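Data block below; observations after.
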Protein chains: 2
Amino acid sequence: MRENDLERYIDKIKQMHAKITPQRIEILKIFLSNQEDHLTTEEIISRLSDSKTGQATVYRTLELFCQAGILKKVNFKNEDFARYDLLDLDSKHFHHHFICTQCEKVIEINEDLLEPIEEQIQKEHHLVITNHELIFRGICQDCQNKSDINE
Amino acid sequence: MRENDLERYIDKIKQMHAKITPQRIEILKIFLSNQEDHLTTEEIISRLSDSKTGQATVYRTLELFCQAGILKKVNFKNEDFARYDLLDLDSKHFHHHFICTQCEKVIEINEDLLEPIEEQIQKEHHLVITNHELIFRGICQDCQNKSDINE
DNA sequence: ATCCGTGCAAAATCTTTGCATCTCG
DNA sequence: CGAGATGCAAAGATTTTGCACGGAT
């Protein structure tokens with residue numbers, strides 16, 4: 001299944017009329033095996049086995065992958081560097097995220113739930129909505145438990 | 001009413017135990033008279049009448065205002081510089097935004113509509129949700145009309 | 001064989017910091 | 001008066017770019 005996914009992501013590179021290079025494959029595999037994380041450029045560089053790969057290549061590859069619809073650049077925590085999230089091949093919309101304001105943990109939320117709201121807003125504001133980004137902030141379960149103990 | 005608002009935002013600075021300086025007042029007024037925009041640091045600097053005000057002061061003031069709950073740093077368009085949005089004094093949550101993928105126009109959406117969804121997600125994922133950020137992407141009315149004409 | 005991609009280093013851009021001076025409370 | 005704010009310039013950090021070389025199709 002994962003191998004199959006890899007092929008499908010590679011097809012997305014081909015659709016951009018871009019070449020399939022070892023560097024691109026390796027970066028793609030890094031994302032496929034770290035689907036829970038939201039890796040930074042630096043983290044990707046440190047995970048590259050071939051230390052000869054230049055950082056410029058990484059930056060250029062991430063940009064390509066964003067254009068190809070493979071990755072989405074995110075910045076949940078107002079950091080001054082980018083993170084990237086692997087897009088799902090089968091879902092029409094970007095998934096939601098919850099960020100804990102205490103521990104900064106990021107939790108992915110895969111239910112969509114937004115369609116009725118989008119219909120209402122489209123009608124009222126005369127818009128055509130094609131995608132969305134929804135971030136919730138609050139306290140995760142672990143941090144709720146921690147503060148219970150302290151009381 | 002606007003003067004009254006100014007006082008209320010000034011109170012937020014005081015709540016931070018920070019001093020009320022001419023530079024801070026002027027930057028605050030710039031946001032109060034440009035509520036529709038999402039100004040960049042550079043745009044704020046160019047609007048300052050007192051050209052002696054240093055850019056470091058502007059950066060430090062914007063940071064202070066974010067901590068005070070006066071501004072929110074936003075980056076809808078994946079630009080490599082920050083923009084700031086004035087927070088409403090009376091609403092509990094951050095308002096939503098629609099960004100046109102063709103003309104990059106930003107439209108503010110003040111209906112909340114998210115409360116039932118938040119309740120559902122809180123229960124299912126055992127979270128406490130305190131705020132949210134929701135961005136819609138699509139085609140604005142103007143751009144819809146433009147493409148109708150071209151057909 | 002031809003483009004496109006890569007690697008290296010330098011450049012560019014936005015933002016932060018150090019320090020002396022000034023000013024609000 | 002004293003802690004905090006400002007202005008200037010320099011430093012920091014991430015990302016982009018130029019160019020010669022190498023590799024994919």
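Reckoned from all heavy atoms, side chains included, excluding hydrogens, waters and symmetry mates. Keep in mind that this is a model prediction, so the values were computed, not measured. Proteins get letters first, then strands, A, B, ... in listed order; numbering begins at 1 in each.
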Are any of the side-chain nitrogens in A:D142 or A:K105 under 4.0 Å away from the carboxylate oxygens of its partner? yes
Requested in this report: For B:E36, look at atom CD and say whether over 12 heavy atoms of other residues, nucleotides or ligands are found less than 6.0 Å away.
Outcome: no
Phosphate-side-chain proximity, A:T57 and C:dG5, N/O vs OP1/OP2 below 4.0 Å = no
Would the base of D:dG4 count as contacting B:R60 through its side chain, where contact means a donor and an acceptor less than 3.5 Å apart? no
Side chain of [X] (C-beta onward), nearest among [options]:
{"X": "A:F81", "options": "C:dC8, D:dT15, D:dC8", "result": "D:dT15"}
{"X": "A:R24", "options": "D:dA24, D:dT6, C:dT6", "result": "C:dT6"}
{"X": "B:A56", "options": "D:dT6, C:dT17, C:dT16", "result": "C:dT17"}

Take atom [atom1] of [X] and atom [atom2] of [N], then tell me their distance rounded to the nearest Å.
{"X": "B:N75", "N": "C:dC14", "atom1": "CG", "atom2": "P", "answer": "12 Å"}
{"X": "B:N78", "N": "D:dT15", "atom1": "CG", "atom2": "C1'", "answer": "14 Å"}
{"X": "A:I25", "N": "C:dT6", "atom1": "CD1", "atom2": "P", "answer": "11 Å"}
{"X": "A:Q23", "N": "C:dC8", "atom1": "CD", "atom2": "C1'", "answer": "14 Å"}

*asked:* Counting the benzene-type ring for Trp, do B:F98 and A:H125 have ring centres under 6.0 Å apart?
replied: no
Test log, rule side chain to side chain contact (heavy atoms under 4.5 Å, CB included), inputs B:I109 and B:H95: CA-CA 6 Å; B:I109 294 170; B:H95 53 269; over 6 Å; no
| request: Determine, using the 4.5 Å side-chain heavy-atom cutoff (strictly less than), whether B:Y9 and B:F31 are members of one ILVMFWY cluster. | output: yes
Is B:L89 reachable from B:F94 through a run of hydrophobic residues whose side-chain heavy atoms are each under 4.5 Å from the next?
no
Within residues 9-21 of chain A, the residues having a heavy atom closer than 4.0 Å to DNA chain D are A:K19, A:I20
Ranking B:D80 and B:V58 by the position along DNA chain D of their nearest nucleotide, the one closer to 5' is B:V58
Closest to the 5' end of DNA chain C, once B:Y59 and A:Q55 are matched to their nearest nucleotides, is A:Q55
